[in-house]
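The residues of the chain are indexed from 1 along the displayed sequence.
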Amino acid sequence: VGESGCGKSMLCKSIMKLLPKSAKIESGKITFNWAAFFFGAQWFLFRKMYKIGIVLMIVFASVTMMCTPVANKLLTAYNELVATAEQDENAEAQTSGYVDIASLDVAVVEKFTKKATVPSLILVGVWLAESLACALIADKLYYKKINSDLKLIDETVEDNSVRKIMIARRGGVSFFAFFAGSLGHDAILSLFVLLAEKLSSLI
């Protein structure tokens with residue numbers, strides 16, 4: 001790191017943060033990144049790993065589309081519960097913005113639970129699988145990116161001052177990419193929906 005003239009650049013700071021995990025990564029051990037777990041593809045965009053971030057966004061948006069029928073089943077079950085609550089004089093329903101399940105008949109609640117349990121477990125399972133995948137690959141891919149960037153700069157740039165500038169540009173974070181990722185997921189979903197509608201109209 002020192003020979004590359006990185007000084008106190010963002011990329012070198014990233015390397016220092018990864019040092020406690022670098023030994024595990026190099027030995028092939030599994031590491032867990034909580035930030036990637038909660039933010040998913042957006043974390044990769046935030047860390048300027050644009051290719052993997054975009055790929056994950058497309059994959060996750062595709063999975064979301066495939067889970068639409070499951071989500072619709074859960075929504076249908078909830079709408080039926082709301083309709084039942086509105087018809088029940090003893091149920092304090094929509095006036096407070098939520099359904100008071102405790103005030104509903106046990107049979108009604110059991111019916112809703114039976115219909116909602118499987119879809120809920122599927123959706124939670126999909127989210128958990130996506131989050132775990134991101135958390136388990138994040139550190140390794142980021143470590144690989146850092147080493148690749150430093151090696152490229154070290155081999156192609158001779159002037160130390162230029163090296164510092166290049167390292168600063170390669171390293172750091174991108175808040176713009178992070179927030180763009182939030183919009184990007186919705187945009188990809190909208191595009192998939194539009195394409196699905198177009199295809200269904202042609203069939």
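Pairs passing the salt bridge (charged side-chain N to carboxylate O under 4.0 Å, His left out) check and including a residue from residues 72-82, sequence neighbours excluded, read Glu80-Lys115. Sorted by first and then second residue, the pairs that involve residues 141-153 and meet salt bridge (charged side-chain N to carboxylate O under 4.0 Å, His left out), not counting sequence neighbours, are Lys145-Asp149, Asp149-Arg170. Sorted by first and then second residue, the salt bridge (charged side-chain N to carboxylate O under 4.0 Å, His left out) pairs involving residues 21-43 (not counting sequence neighbours) are Lys21-Asp139. Applying the salt bridge (charged side-chain N to carboxylate O under 4.0 Å, His left out) test to pairs two or more places apart or on separate chains, none has a residue in residues 34-45.
Note that CG of Leu183 is 9.0 Å distant from CD of Gln42, once rounded to the nearest 0.5 Å.
At least one side-chain heavy atom of Cys134 sits less than 4.5 Å from a side-chain heavy atom of Phe60. Taking the side chain as every heavy atom from C-beta outward, Leu74 and Ser120 approach each other to under 4.5 Å. Counting only heavy atoms from C-beta outward, the side chains of Lys140 and Thr31 never approach each other to under 4.5 Å. Counting only heavy atoms from C-beta outward, the side chains of Met57 and Ile188 approach each other to under 4.5 Å.
Under a hydrophobic-cluster definition in which Ile, Leu, Val, Met, Phe, Trp and Tyr are linked whenever side-chain heavy atoms come within less than 4.5 Å, directly or via other members, Leu150 and Val162 are assigned to the same cluster. Under the 4.5 Å side-chain heavy-atom criterion for Ile, Leu, Val, Met, Phe, Trp and Tyr, Val59 and Leu136 are members of the same hydrophobic cluster. Cluster annotation: Met49 is connected to Val55 through the hydrophobic network of ILVMFWY side chains, with a link wherever side-chain heavy atoms come within less than 4.5 Å. Criterion: ILVMFWY side-chain heavy atoms under 4.5 Å apart, direct or through other members. Under it, Ile30 and Ile137 are part of a common hydrophobic cluster. Val126 and Leu75 fall into different hydrophobic clusters, where Ile, Leu, Val, Met, Phe, Trp and Tyr residues are linked whenever their side-chain heavy atoms come under 4.5 Å apart, directly or through other members.
Shown here for Ser22 and Tyr143, the closest heavy-atom pair between the two residues is CB-CE1, 3.6 Å. Contact record, Ala41 with Gly53: CB-O, 3.6 Å, taken as the closest heavy-atom pair. Between Gly181 and Leu45, the closest heavy-atom pair is CA-CD1, 3.6 Å.
For Phe39, the ring-ring contact (aromatic ring centres under 6.0 Å, His included) partners are Phe178, not counting sequence neighbours. Not counting sequence neighbours, Tyr50 has no partner by the ring-ring contact (aromatic ring centres under 6.0 Å, His included) test. Shown here are the side chain to side chain contact (heavy atoms under 4.5 Å, CB included) partners of Leu132, two or more places apart in sequence or in another chain: Phe32, Phe37, Leu128. For Asn79, there are no side chain to side chain donor-acceptor pair (under 3.5 Å) partners two or more places apart in sequence or in a different chain. Considering only residues two or more places apart in sequence or on other chains, Val118 meets the side chain to side chain contact (heavy atoms under 4.5 Å, CB included) condition with Ile122. For the side chain to side chain contact (heavy atoms under 4.5 Å, CB included) test, residues two or more places apart in sequence or in another chain that qualify with Ala35 are Asn33, Trp43. For Phe175, the ring-ring contact (aromatic ring centres under 6.0 Å, His included) partners are Phe46, not counting sequence neighbours. Residues forming a side chain to side chain donor-acceptor pair (under 3.5 Å) with Thr113 (at least two apart in sequence, or on another chain): none.
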